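Remarks on the structure that follows.
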Amino acid sequence: MWLNSSKIKDILKNEVFYCNFDEEDSVTLRLRSEIVNWLGLKLTTKQEQATIKLEIDNKLDKNLEAYQIKEQQIRGTSSKGVLYGFYAYLRRKLIKLPLEETSAPQQALRMINHWDQVDGTVERGYAGKSIFFGRFGSNDNTDKGSFEVKDIGTDIFRNDFTRLEMYGRFLASIGINAISLNNVNVRGLGTSLIISPYIEKVSEIAKIFSSFGIKTFLAVNWSAPKIIGKLSSSDPLECEVRLWWSKVISHIYQVIPDFGGFVVKADSEGEPGPYQYGRNHAEGANMLAEAFQAYQGLVIWRTFVYNSQTDWRNRKNDRAKAAYENFMPLDGKFAENVILQIKFGPIDFGVREPLMPLFGALKKTNQLMEFQITAEYLGQQIDLNYSVPQWLSMIHFSNYGQAKDTVRDNSPVPSNSGFVAINNVGMDENWCGNKLAQANFYGFGRMCWDNNLNAEQILDEWLKLTFSEIDAITQKKIFTILISSNRTYELYNAPLSVGSMMVPHYHYGPAVNGYEYDRWGAYHFADCNGVGVDRTVATGTGYTSLYEPSIAKKFESLEEIADEDLLFFHHVNYNYILHNGKTLIQTIYDQHFEGVSCVKNYIKVWQSVSGEVDEDTYNNVAERLNLQLCNAQNWCDQVNTYFYRMSGIDDNQGRQIYK
Ligand code: GCV
């Protein structure tokens, strides 16, 4: 990963650190341990012997997480600020930037979610087994497409605290300050993580993260009162249900005094929720919030609520509208310690989706914007996909103001707002399955801290830190591949934002009609004349009206909409001429052939770095690039053949389409 301790040790071997902390807490102890134990460097108690001084200065900034680096001095508003300053200092040293920086995070909550399950599997995980759960030593990737959790009957925790300490360090070094450990689909034994004897074990993990300035959260099953409390109901307005939750929460705080709170997926994809009792989501969330109030705990409530029993026959049904329709009427009704966790797009982390219209529209509700680092729909860490450019385009999209600001400014308690992402790590040797997928993990943290960094800067930093031993030309080659990889993936995937043409459930590889007649609400409506989802007010589902009028007008109008957003909003004929001057069908063909040729080019470029990067990395990426080429070719062939058969229109360049 990006923190090479032997390299850092080498650069700093002549330095002597001095820590001036009036009060010691777990973070200051961690800082000392990072210097002495992790890096093996010198720490003195005598100021005059020091060459680098670490100190807390509570007047430094309004923001408690801020830091300042000035030559050989690292100051923070709090111990957490010093910790962030310390890692920033290492970063600047490693990539040879001037030792001058004053910085504070732009998003208050910078959170990682895990979809890890107590049997050691990871839902949508592509880097081996869970780092938290499962038996020690088991290192195979069990993602075979079945997400049933099996009770394993013995200790459900992996107890690999060395790895967790490393993980805490990676997280803190990019500014992450909150983490949830378990899958939001909380099943089987996972439901009991919030009670003894499991919560005591969670506390051991939480202690490690606390020392890195990170609060631990757990995902909960809404029906826990029935399932583990053995009550007859989980109705949020029932006294005995409220009492049950408050007892559970009070016990959690006895065991983990700085526990962060709960993450809740309710009434979503078969998970239980307040709708079962005729209650709305504010009533559900506020009931938990009340129990958390005394402890400053948070309820992070997901808005991924849609009808997963959609009737595909009715073209007015529109899953894209679901979160807005469920949550917009509740704006202002949530307690101050409730935060809505909202996916960045209206469907599900597709390679091209517009910004979810709740951003900018919600004015009185705390918000977190949700991203997916684990590449479920983006090539599953087999295909290269540096996704930071896509994420940045979301946070800078303006619907009543840029999303990065509206998330904070429209949250009544700005400290209860920010960004969150499902991470891509597991027990694999290089943490992410594909070494180059580490760039997304790094990039997410950096984007949360500084919203104004661009994708190139972040990638450049990551490359310089991770591949410090290789020359600038080789670094540039890897840079060129990665910076274009999100666009390349888009080129050979479902065309022009229409989405959802992948193998159902598994979500890797093409299946053009895989979801077309299914219940999940993700359709492309291709016929012999054209393709795309009509979401206009004039003739379609009316989804465009959910945006600010000027944006709505752009999406509604064929003249104004950008080509790449076209099929998300409009159903158009194959002969329709796009802004690029070509017909829709020709654009589909061209993009798919181009996508394949980009991957072929990546393979050539990668071959040219052989001998420059270490052998493990070389082989790891080479193997995956070959798989990516098969995938890209498969997408190209299936999509082009499908649309040729639908339209009967030839490619104007006579390339191979299987007829
Ligand atoms: C954890 C998608 C994924 C599911 C995931 C869900 C969610 O539907 O395919 O695996 O469930 O999103 O975000 O809750």
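What you see is a predicted model; the values in this text were computed from it and never measured. When a ligand or atom number is given, it counts from 1 through the structure's own listing order.
His570 and Phe555 have their aromatic ring centers separated by at least 6.0 angstrom. Aromatic ring centres of Trp431 and Phe170: separated by under 6.0 Å. For an aromatic pair to be called close, the ring centres must be under 6.0 Å apart, and His114 with Tyr167 satisfies this. You'll find the ring centres of Tyr324 and Tyr543 outside the 6.0 Å limit. Residues Phe441 and Phe444 place their aromatic rings such that the two centres sit no closer than 6.0 Å.
The distance from ligand 1 to the heavy atoms of His507 drops below 4.0 Å at these ligand atoms: 9 (O). Heavy-atom proximity to Phe304, at under 4.0 Å, picks out these atoms of ligand 1: 6 (C), 7 (C), 8 (O), 12 (O), 13 (O), 14 (O). Set against the non-hydrogen atoms of Glu376, the atoms of ligand 1 under 4.0 Å away are 3 (C), 9 (O). Those atoms of ligand 1 that come under 4.0 Å of a heavy atom in Trp115, given as number and element, are 1 (C), 5 (C), 7 (C), 13 (O).
The N/O atoms of Glu370, backbone and side chain alike, include none that comes under 3.5 Å of an N/O atom in ligand 1. Remark: ligand 1 and Lys265 share an N or O pair separated by less than 3.5 Å (distance only, no angle test). In terms of polar-atom proximity, Asp348 is counted as a contact of ligand 1, with an N or O under 3.5 Å from an N or O of the ligand. For ligand 1, the polar-atom distance check finds no N/O of Asn183 at less than 3.5 Å from any of the ligand's N/O atoms.
Proximity of Ile422 to ligand 1, defined as any heavy-atom pair under 4.0 Å, is not found for any part of the residue. When non-hydrogen atoms are compared, ligand 1 lies under 4.0 Å from neither the backbone nor the side chain of Trp520.
Heavy-atom distances between Tyr377 and ligand 1 reach below 4.0 Å in at least one pair. Taking a 4.0 Å cut-off on heavy atoms, Gln372 fails to register as neighbouring ligand 1.
One finds no salt bridge joining Arg315 and Asp534 here, because no Lys/Arg side-chain nitrogen approaches an Asp/Glu carboxylate oxygen to under 4.0 Å. With salt bridges taken as basic N to acidic carboxylate O contacts below 4.0 Å, none links Lys265 and Glu271.
Comparing Lys343, Arg124, Glu271 against atom 12 (O) of ligand 1, the shortest heavy-atom distance belongs to Lys343.
Side-chain contact between Phe217 and Met111: present, with at least one pair of heavy atoms (C-beta onward) separated by less than 4.5 Å.
Heavy atoms of other residues, nucleotides or ligands lying less than 6.0 angstrom from NZ of Lys363 number more than 12.
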